[in-house]
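Report on one structure; see the data block that follows.
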Amino acid sequence: MAAPAGRCLWRALAPRRGWIFPGLDQRVAAVPAMVSAAPPSQPYAAAAKTPKKGSRKTKQEETKKKQVTRRWPLMSKPVDDVYLTWYYERPSYDVEKAVGMLKKFQELDFTYPKQYVYINVFLDMALQKKKKVDPFASTVLLPHRFTDEMNKVLVFTENEQEAEIARANGAAVVGGVELIKWILEDEIQVDFYVAVPAIMPKLIPLRNKLRRKYPSTKRKSLGHDIPKMLQLFREGLEYTVEDERVIETRIARLDMPTEQIIANLKTVIHDICTFKPSTYGPFVQKLVIRSSTSEGLLLNLDGILPQVEKVEEEKDAENEEKDAEKEEKDVQESVST
């Protein structure tokens, strides 16, 4: 009963509440103004100031970005038979042992015994300053052939005697200027092109068409010894540099004797090393051998690279020793004086 009575009393006194509570209406009216006078809240954060180029924060951030995750050094040899390969260095083998392992893999896996043997050669193409060795292609005559396939070779000559010699040595096509039109129209397609120097000025229209196969002295496809050139390109092995520094080519069959496989391998490596002077350091960085069905085995380069590099290194060492001896003598003479 007290609550309804209070409400009725407040309604009755409402017209005269200014008399009873002076200043109440002004206080109530001032409340919204006070609330609206408060500063508006910021719905978004203020944009961060861009630091200056030379500030310490930017340098610290750059150093953090440049920091590379440290990697523990790899261990040399595993102790157990089962291990994680990425914790250990890749093992390297001598050539004889690696070829024996490939033969053993074939016996254990019961794969084709006459499968091809391949090598992957990784090269250092750098020269002085920013110069590099241009990607190249070459043909090499192996000491032990592993296939009966013969390449088709075309011989450019206008001399009848040279043409007869070319046909007698197994040339697929022999001719002169009349062959240019047929080659441009793709009516004649062969593996290699050989020419004598006398006809070269007339073969200029074929330069863009043949490109790397255009006869040149660098590729040993230009000269007077037609039988030698025909033997090289009919029976030889062609290899090219891919991805600017890698050579992948087959060198033998797995059922061949180990000595013959190694001899073919060394012949190819020695021919590759002729494309970069030995004064710039070793050309071959890494050498991997494998068969068609096996994993790749990393080879030790000792005994495979040409001996010329070793001889030059010995000469350099001797020269350094001589220079050191001269310096010691000069020092002793200066001390004695």
Side-chain angles (χ1 to χ4, degrees), residues 63-126 135 140 142-147 237-273 276 281-307 309-310 313:
T63 52
K64 288 181 180 179
K65 291 180 181 179
K66 290 181 179 179
Q67 286 179 358
V68 183
T69 55
R70 294 181 179 179
R71 187 175 180 180
W72 294 101
L74 298 176
M75 293 178 281
S76 58
K77 293 182 180 180
V79 180
D80 301 326
D81 295 335
V82 180
Y83 57 92
L84 299 175
T85 56
W86 53 83
Y87 284 150
Y88 297 89
E89 296 178 357
R90 186 176 182 180
S92 59
Y93 307 93
D94 295 334
V95 190
E96 295 82 1
K97 185 177 180 180
V99 174
M101 292 175 65
L102 295 180
K103 292 178 178 290
K104 193 67 176 177
F105 294 159
Q106 182 272 322
E107 294 176 0
L108 296 174
D109 297 337
F110 297 99
T111 54
Y112 184 56
K114 294 185 178 182
Q115 57 187 289
Y116 289 114
V117 178
Y118 296 85
I119 57 171
N120 293 355
V121 188
F122 299 85
L123 306 175
D124 180 13
M125 307 289 281
V140 59
L142 299 177
H144 305 284
R145 300 195 69 241
F146 57 90
T147 179
L237 173 72
E238 183 184 22
Y239 63 86
T240 57
V241 176
E242 300 175 356
D243 298 330
E244 296 185 354
R245 61 181 294 264
V246 182
I247 296 175
E248 181 179 358
T249 183
R250 57 185 185 179
I251 59 170
R253 288 187 182 272
L254 195 57
D255 62 336
M256 293 172 58
T258 304
E259 296 78 11
Q260 294 182 3
I261 298 176
I262 296 173
N264 287 355
L265 185 147
K266 289 184 178 180
T267 302
V268 175
I269 296 300
H270 288 198
D271 187 73
I272 292 172
C273 291
K276 181 180 177 180
F283 194 19
V284 178
Q285 285 186 329
K286 188 169 66 173
L287 179 59
V288 178
I289 188 171
R290 65 176 179 87
S291 65
S292 301
T293 58
S294 73
E295 61 176 308
L297 301 177
L298 184 64
L299 296 180
N300 293 327
L301 297 178
D302 296 337
I304 299 177
L305 299 180
Q307 296 180 356
E309 295 182 358
K310 293 184 178 180
E313 289 177 358

Note: Pro282 and Asp124 closest approach over all heavy atoms is O-CB, 4.1 Å
Rounded to the nearest 0.5 angstrom, the CG-CD1 distance for Leu305 and Ile272 is 10.5 Å
*asked:* Main chain of Leu265, side chain of His270: is a donor-acceptor contact present, judged purely on distance under 3.5 Å?
replied: no
Problem set entry | Any Thr111 side-chain heavy atom under 4.5 Å of Phe105 side chain | no
Under 3.5 Å, side-chain donor or acceptor atoms of residues 246-256 against the rest of the protein: list the pairs with distances, not counting sequence neighbours.
{"residue": "Glu248", "atom": "OE2", "partner": "Arg290", "partner atom": "NH2", "Å": "2.7"}
{"residue": "Arg250", "atom": "NH1", "partner": "Tyr116", "partner atom": "OH", "Å": "3.1"}
{"residue": "Arg253", "atom": "NE", "partner": "Phe146", "partner atom": "O", "Å": "3.0"}
{"residue": "Arg253", "atom": "NH1", "partner": "Lys114", "partner atom": "O", "Å": "2.7"}
{"residue": "Arg253", "atom": "NH2", "partner": "Tyr116", "partner atom": "OH", "Å": "2.8"}

One should read off an interatomic distance between Ser291 OG and Tyr112 OH, to the nearest 0.5 angstrom, of 13.0 Å
For Glu242, the side-chain contact (heavy atoms from CB on, under 4.5 Å) test, sequence neighbours excluded, returns Thr240
d(Asp271 CG, Lys266 NZ) to nearest 0.5 Å is 16.0 Å
Sorted by chain and residue number, the side-chain contact (heavy atoms from CB on, under 4.5 Å) partners of Ala263 (sequence neighbours excluded) come out as Pro143, His144
Partner of Ile289 under side chain to side chain contact (heavy atoms under 4.5 Å, CB included), picked from Val117, Leu298, Ile262, is Val117
Quiz item: Side chains of Thr258 and Lys103: closer than 4.5 Å at any heavy-atom pair?
Solution: yes
Rounded to the nearest 0.5 Å, the CG atom of Leu299 sits from the CG atom of Asn120 at a distance of 10.5 Å
For Pro113, the side-chain contact (heavy atoms from CB on, under 4.5 Å) test, sequence neighbours excluded, returns Gln106
Closest non-hydrogen contact found for Val284 with Leu301 is O-CD1, 3.6 Å
Could you pull out all donor-acceptor pairs under 3.5 Å where a side-chain atom in residues 89-97 meets a protein atom, sequence neighbours excluded?
{"residue": "Arg90", "atom": "NH2", "partner": "Gly296", "partner atom": "O", "Å": "3.2"}
{"residue": "Ser92", "atom": "OG", "partner": "Asn300", "partner atom": "OD1", "Å": "2.6"}
{"residue": "Asp94", "atom": "OD1", "partner": "Asn300", "partner atom": "ND2", "Å": "2.9"}

The reported gap from OG1 in Thr267 to CD1 in Ile269 (rounded to nearest 0.5 angstrom) is 10.0 Å
Sorted by chain and residue number, the side-chain contact (heavy atoms from CB on, under 4.5 Å) partners of Leu108 (sequence neighbours excluded) come out as Lys104
Separation between OG (Ser294) and CE (Met101), nearest 0.5 Å, reads 9.5 Å
